Amino acid sequence: MVKKYIFGKPFETDAVTAQIQPERSAPQIENARIETDKGFRFYYEMNDTDVIYGLGEANRGIDKRGYIYVSRCSDDPDHSEDKTSFYGAHNFIIISGVKNIGLFFDYPSDITFDIGYTGMNRIDISCGRADLYLYVIDGDSAYDVARQFRKIIGKSYIPPKYAFGFGQSRWGYKNADDIENVVKGYRGNKIPIDMVYLDIDYMDGYKDFTVDDRRFPDFPEFVKKMRSKNIRLIPIIDAGVKIEKDYDVYEEGVKYGYFCKREDGTDFTAAVWPGWTHFPDMLNADARKWFGRKYKRLIDQGIEGFWNDMNEPAIFYSKEGIDSLNEAIIEYADNLKSNEGDEETEGLPGKIKEAFENLQNSPDDYRRFYHNVNGKMIRHDMVHNLYGFNMTRAAAEAFEEIVPDKRILLFSRSSYIGMHRYGGVWTGDNKSWWSHILLNLKMMPSLNMCGFLYAGADLGGFGCNATRDLVLRWLAFGVFTPLMRNHAALGTRNQECYQFENVEDFCHIIKVRYRLIPYLYSEFVKAAENDDLYFKPLGFVYPDDRYAVLTQDQLMLGNEIMVAPVYTQNAEGRYVYLPEEMMFAKFLPDGSISRQIMEKGHHYVDIALNEVGLFIKKGKCIPLVDAALSVEEIDMSTLTMLGYDGAGYVFGED
Ligand code: MIG
């Protein structure tokens, strides 16, 4: 059962779509206490064995216990273990143990989840203002709670089928030749691929919805040519609009008052990739409509998918920020002159450096601009976590109008619950670190609980230099994530599959993905249609099995399979826990599949760098097709079954 409580005057985030009659009395939750005198505070006393699920795209484990998390959409490319905020704000948790309770704090600004960090058994959730909706869900199990929550937030976005193909991206592809080379690298080596992503360099001066015609002399023709090779080009769209005379998006935004404004009514100005920009007021319905319609310009040139970036929104610095930095420098310099050698001035270069670094994504800037929400001016910091959500909503609502009968691929960096109805997410600037394969795995089921089904990480890692083995292992997990995209940062080592020795190993791993696409896509669509999860923690399926509940490095996928990727360097396999008897199926490099029935319990399984393993539950089977070079070329007549009936019959072994 879901109960809704109102505190103060909440902002309407549109996270929840169900009409729920609010309760008249305060919530009565055993072991919980709520305070509303200084901001909002929710305390809960956990049992020693309670497991806490949720928080979507957050750090640490599938079990969130033992750390502190802050929902504050942040452009931070260092996803180290100490970090408390990433790009998304997904304020839903499930307390699971003797009782199973779901809590959704519908609050669009900073909110802190201290989950057994300060006090070992204490949950302490706090935010600055006691203006929010609190949804309390009572369920039979964690899984049941998650599904009840999914029901009230509306159906998840479904991408086109080609978006289940493999995609290659890199920040630094500059022009048509660079893109052609990527396509040659894949098609030439017979590695399946469906998408090549266009990062910011395709634009003319980083201006949204423009294409640099020196880099792409005939863009529509180029898009068509790629499409004839079954390759879709997926351009990036940034949140900030370049200030440039005669650039129509800028001119119109100013004219209609569609940009975020300072307190004095002037358009707020900050620097991002294009230099000085204005931010479209994504919380203003008219501005949203206007911005969304701009995507048509690229759709008219044959584009069928987009990724929305920098929409926390990320800010390098503002005019005001630069002014205050200037003042600080002058003040320090004056000090330096008057007290030479003085202790106070010793840290000067460090202080200036710090002041300079603090310019980026500064909380001060988030207090410097306003949104026009139904005629009311709302300061940005009060609704910060809704910006990326509404940028993506702007696009998706426009697609309904521009191409009503077509699915468009769309995913975003920043998000809030509710955005899952409009698009997917990628998890931003991770690194080529082994630990980030595991972080990728842990985020997936948590994102699913919050509605985000179409999701994935930058495979191979965005920052730092990737190694061959890391890319192979990460891809072998990426075989199962709805978004399967290799992406890397400018200046890092090339990590396209064809850049490494023994390309056939990469080719094999990606082919396994294509063999599984009919299964994966149908499990995905089923999950979306039924408000279900595509990836589940083992504890959702085996709540009474303590080993299963505590497993943090394996996932259930759909109703048939379990995945357990290798995520340590130089390992030739891994330990895996089977909560029941299963068949271990391994896709071998020669195209054959080995099958082994394994008992419930702990096992060590060998999985080489060029192999993909999965586990099929007893009495289940999954469809497989022959590999193809693109989703369109998949031949459904090659469909066979993989699995076993548990009574001696093994599909494919006759
Ligand atoms: O400030 O467009 O997360 O995927 O390659 C960096 C360049 C801006 C951040 C995105 C990343 C993308 C990069 N962008």
Side-chain angles (χ1 to χ4, degrees), residues 57 73-80 83 85-88 167-175 178-179 182 195-212 215 233-242 270-277 279 298 305-318 357 359-362 365 387-388 391-392 409-415 423-433 436 439-440 443 455-466 474 478 481 483-496:
E57 187 185 317
C73 297
S74 303
D75 164 30
D76 180 346
D78 287 306
H79 306 175
S80 48
K83 288 299 163 74
S85 301
F86 291 148
Y87 311 89
Q168 180 62 55
S169 184
R170 181 177 176 83
W171 178 11
Y173 298 151
K174 294 179 305 297
N175 51 36
D178 285 352
I179 303 295
V182 174
M195 290 156 285
V196 179
Y197 287 78
L198 302 179
D199 207 321
I200 47 176
D201 296 300
Y202 79 90
M203 291 185 255
D204 172 16
Y206 303 133
K207 292 198 289 282
D208 279 341
F209 313 112
T210 68
V211 177
D212 187 327
R215 292 161 186 253
L233 300 179
I234 313 294
I236 195 170
I237 303 290
D238 279 3
V241 169
K242 186 178 172 75
V272 213
W273 289 111
W276 293 117
T277 62
F279 292 108
L298 289 162
F306 301 89
W307 47 311
N308 283 343
D309 190 22
M310 304 299 274
N311 52 6
E312 292 68 34
I315 291 179
F316 294 166
Y317 48 83
S318 65
E357 279 164 2
L359 286 178
Q360 204 163 344
N361 305 319
S362 140
D365 281 334
Y387 194 86
M391 176 184 182
T392 300
L409 171 59
L410 179 64
F411 57 90
S412 173
R413 194 169 70 174
S414 185
S415 60
V425 290
W426 96 101
T427 58
D429 302 345
N430 60 9
K431 294 204 195 314
S432 299
W433 292 349
H436 278 184
L439 184 61
N440 179 186
M443 281 181 177
D458 289 350
L459 302 175
F462 177 75
C464 304
N465 293 324
W474 209 330
T481 60
L483 168 63
M484 186 190 191
R485 180 179 78 143
N486 176 333
H487 181 47
L490 190 68
T492 59
R493 185 179 181 186
N494 292 329
Q495 66 185 45
E496 294 84 3

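Both counts, for ligands and for their atoms, begin at 1 and track the order of listing. FYI, the numbering just counts along the sequence from 1. Worth saying up front: this structure is predicted, and the values here are computed from it rather than measured.
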*Do Thr481 and Asn440 have side-chain atoms, one donor and one acceptor, less than 3.5 Å apart?*
no
*asked:* Between ligand 1 and Trp171, is the shortest N or O to N or O distance under 3.5 Å?
replied: no
*What atoms in ligand 1 come closer than 4.0 Å to a heavy atom of Met310?*
1 (O), 8 (C)
*Please report the shortest heavy-atom distance between Asp309 and Trp426, naming the atom on each side.*
OD1-CH2, 3.6 Å
*How close does the nearest protein non-hydrogen atom get to atom 12 (C) of ligand 1, and which residue and atom is it?*
Asp199 OD2, 3.4 Å
*Taking side-chain hydrogen bond (donor to acceptor under 3.5 Å, both in side chains) as the test, write out the residues that go with Asn175, two or more places apart.*
none
*asked:* Side chain or backbone, does Asp429 bring an N or O within less than 3.5 Å of an N or O on ligand 1?
replied: yes
*Would you mind running through ligand 1 and noting each atom that sits below 4.0 Å from a heavy atom of Trp426?*
3 (O), 4 (O), 10 (C)
*Can you tell which part of Trp307 has a heavy atom less than 4.0 Å from ligand 1: side chain, backbone, both or neither?*
side chain
*Tell me, which protein residue and heavy-atom name are nearest atom 14 (N) of ligand 1, and how many Å apart are they?*
Asp309 OD2, 2.8 Å
*Examine distances only and state if a side-chain atom of Asp199 and a backbone atom of Ser169 form a donor-acceptor pair shorter than 3.5 Å.*
no
*Relative to the heavy atoms of Ile200, which atoms of ligand 1 are at a distance of less than 4.0 Å?*
2 (O)
*Would you please indicate if the ring centroids of Tyr317 and Trp276 are separated by under 6.0 Å?*
yes
_Closest protein heavy atom to atom 4 (O) of ligand 1, given as residue, atom name and distance to 0.1 Å_ = His487 NE2, 2.9 Å
*Could you check atom 8 (C) of ligand 1 against the protein and tell me its nearest heavy-atom contact, residue, atom and distance included?*
Trp273 NE1, 3.3 Å
_Whether His79 and Tyr87 hold their rings parallel, tilted or perpendicular, with breakpoints at 30° and 60°_ = perpendicular
*Do you know which two heavy atoms are closest between Thr392 and Asn308, and how far apart they sit?*
OG1-ND2, 3.3 Å
*Provide the number and element of each atom of ligand 1 under 4.0 Å from a heavy atom of Ile236.*
2 (O)
*When you look for heavy atoms under 4.0 Å from ligand 1, do you find them on the side chain of Asp238, its backbone, both, or neither?*
neither
*Between Arg215 and Asp178, is the closest basic N to carboxylate O distance under 4.0 Å?*
no
